Amino acid sequence: MLDIRLIREDTQRVRQAMIDLGAMDAPVEEAIRLDARRRQILVDMEGLKAERNAGSKQIGALLRQGQTEAATQQKEAMTALGARIAGLETELKQVEADLNWAMLTIPNLPLPEVPIGKDDSENVVIRIVGEWPTFDFVPRPHWELGEGLGILDLERGVKLSGSRFYVLKGLGARLQRALIAWMLDVHTQQHGYTEVYPPVMVREACLVGTGNLPKFGDNLYRDIEDDLWLIPTAEVPVTNLYRDEILEAEQLPIKHVAYTPCFRREKMSAGKDTRGIKRGHQFDKVEMVKFVTPESSRAELDSLVTDAEAICRLLGIPYRVVQMCTGDLSFVAAIKFDLEMWAPGCDEWLEVSSCSLFTDFQARRANIRYRPEPGGRPRYVHTLNGSGLALPRVMIAVLENYQQADGSVVVPEVLRPYVGAEVIR
RNA sequence: GGAGGGUUGGCCGAGUGGACGAUGGCGGCUGUCUUGAAAACAGUUAUACCGCAAGGUAUCGGGGGUUCGAAUCCCUCACCCUCCGCCA
């Protein structure tokens, strides 16, 4: 959520941002109009309430003096006042509900440094890192490798749960578990993150806090009976850890890393990426989340990207860092970098991480603040998150980059203690 | 799942329809005293919104209702506690 004062006072900047984002349908004008009306109602209503409060006090005094007749007259006057107040209150509620909806549907403003562009074709490749593997054979895609090795069972995944579900077996399951444990160890032991194990089912308020709701509910699974939602990413519960809290300045930065399964309907992309394990309804991910001061947030984004890159580097898999242009920024992000690993079998770049700075956009929605000075006024924190990394795609990259002519796969050095094998054959 | 009890300011805890934004205590801050500190004493100590200001409005877990007027009465939801049942 943006600051309504910013919309009110720097309207032109907000309008231009919506154009850059390709979000011209964002209800900026509506928000300005509703905000003005809200404040007018408030002024009128508060005046009437002040009158009523004073008048009601008099009734008490009159009754104590035994002047029942005067009290009755006064009561009638107050009833009339009450009716006027009620009318304004009804309108106020509607205006506030409409304003709230508008505020929740206006996207975050991009930082000035974000390149202007209409869609993903105008994203900017920042750097390409690592060495390409060389093959004296045609590298196979992971679904062939996985099924050939008996570590991936796509058919039975479909039998159990339908399309976009799969089963990992043997060293396949072990490889995934190894990646999870290893990535958590790297982030906690080398990058200073504190591990968190959060619920994967959350209340609606959490999803509003991170910006998934109200606009993007159709990509979420939900249990109607108990009114809980399955998380699409650990970002949701971990960011909401400090919802409605005021943190002390010395607590910041707070850096958390969490491993969770993630659940997404993916009905927007039906038919896309149906082959293999690239895009499923359920997948595992290690996620980093930071809570920082506004002054430090931009630098914290760079270090977040560096932390995610470390995983790619240590695995020895070539990757690139891509900066999203304005048109490809997510609803909540002010600036965002993706990490993409090269997959020689599928012959494509795989998005394995998405690192974003949300400025105070999520913090305002989730009401996460900190106190810069003891006893001082609270300010909103800045929140960031980045995958570190998303598992099925790292699995794909490992299998395809480390494959050998006979269909076996060499286990990357760093994972060997975790996998307990040097080669998957 | 069943039965009962709770939720008040930074913390503890009083308050069952009007002088209550809320007694009191603790903690915090300021001052007096002191070389300094402690103790004692005095004062002070919530947040948001509107307003140049004076001031006003709202907030006693959330929402709704009754009433001229609600921390107080009614309904509802959430959470916590106790007991029973069930369970990994």
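In what follows, every chain begins at residue 1, and chains take the letters A, B, ... in the order their sequences are listed. Worth saying up front: this structure is predicted, and the values here are computed from it rather than measured.
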Point to revise | Close side-chain approach of A:V43 to A:R39, heavy-atom, < 4.5 Å | key: no
Practice item. May I ask you to test the A:L92-A:M45 pair for a side-chain heavy-atom distance under 4.5 Å? Key: yes
Could you tell me the separation between the [atom1] atom of [X] and the [atom2] atom of [N], rounded to a whole number of Å?
X      : N     : atom1 : atom2 : value
A:I41  : B:A58 : CD1   : C1'   : 16 Å
A:R203 : B:G62 : CZ    : C1'   : 11 Å
A:E76  : B:C68 : CD    : C1'   : 10 Å
A:D227 : B:U76 : CG    : P     : 19 Å
A:K49  : B:C50 : NZ    : P     : 16 Å
A:M45  : B:C49 : CE    : C1'   : 11 Å
A:Q40  : B:C50 : CD    : P     : 13 Å
A:E89  : B:G64 : CD    : P     : 8 Å

Review point. For RNA chain B, whose closest nucleotide is more 5', that of A:G82 or that of A:D226?
Key: A:D226
Review point. Where each residue is assigned the nucleotide of RNA chain B containing its nearest heavy atom, which of A:K75 and A:P378 is assigned the position nearer the 5′ end?
Key: A:P378
Please give the distance between the [atom1] atoms of [N] and [M] as a whole number of Å.
N     : M     : atom1 : value
B:G61 : B:G9  : C1'   : 14 Å
B:C60 : B:U47 : C1'   : 13 Å
B:G2  : B:G85 : P     : 15 Å
B:A46 : B:A39 : P     : 23 Å
B:C84 : B:A71 : P     : 39 Å
B:C20 : B:G24 : C1'   : 14 Å
B:C50 : B:G31 : C1'   : 35 Å
B:A22 : B:C12 : C1'   : 16 Å

Practice item. Report the C-alpha separation of A:V236 and A:L207 in whole Å, then their side-chain angles, then the decisive distance to 0.1 Å, and conclude whether the side-chain contact (heavy atoms from CB on, under 4.5 Å) test is met. Key: CA-CA 6 Å; A:V236 176; A:L207 289 150; 3.9 Å; yes
Review point. What's the shortest heavy-atom distance between A:L154 and A:E147, and which atoms?
Key: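 Here A:L154 and A:E147 meet closest at N-OE2, 3.4 Å.
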Closest nucleotide among [options] to the [X] side chain:
X     : options             : result
A:K93 : B:G64, B:C49, B:U57 : B:G64
A:M78 : B:C68, B:G56, B:A58 : B:C68
A:S56 : B:G69, B:U57, B:C50 : B:G69

Practice item. Please round to the nearest 0.5 Å and tell me the distance separating atom CG of A:D10 and atom CG of A:L109. Key: 9.0 Å
Would you tell me if any nitrogen or oxygen in the side chain of [X] comes within less than 4.0 Å of OP1 or OP2 on [N]?
X      : N     : result
A:K57  : B:C68 : no
A:N53  : B:A58 : yes
A:R369 : B:A48 : no
A:R52  : B:G18 : no

Check your understanding: Does the side chain of A:Q40 pick up a donor-acceptor pair with the side chain of A:D44 at under 3.5 Å?
Key ->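 Distance-only check passes for A:Q40 and A:D44.
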Practice item. Answer yes if the ring centres of A:Y370 and A:F291 are under 6.0 angstrom apart, and no otherwise. Key: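 No; A:F291 has its ring centre 6.0 Å or more from that of A:Y370.
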Review point. Centres of the A:F165 and A:H281 rings: under 6.0 Å?
Key: yes
Point to revise | The single option from A:M341, A:E287, A:E351 passing side chain to side chain contact (heavy atoms under 4.5 Å, CB included) against A:L389 | key: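 Looking at A:M341, A:E287, A:E351, the match for A:L389 under the side chain to side chain contact (heavy atoms under 4.5 Å, CB included) is A:M341.
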Study note, to complete from the structure: For RNA chain B, the dot-bracket notation using Watson-Crick and G-U wobble pairs below 3.5 Å, [ ] for pseudoknot-type crossings and | for other-strand pairs, is ((((((((.[[[..)..(.....]]]((((((.......))))))(((((....))))).[[[[[..)....]]]]])))))))....
Check your understanding: Looking for any heavy atom pair under 4.0 Å, which part of the strands does A:L63 touch: base, sugar-phosphate only, or nothing?
Key ->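 The answer is base, as A:L63 lies within the cut-off (heavy atoms under 4.0 Å) of a base atom.
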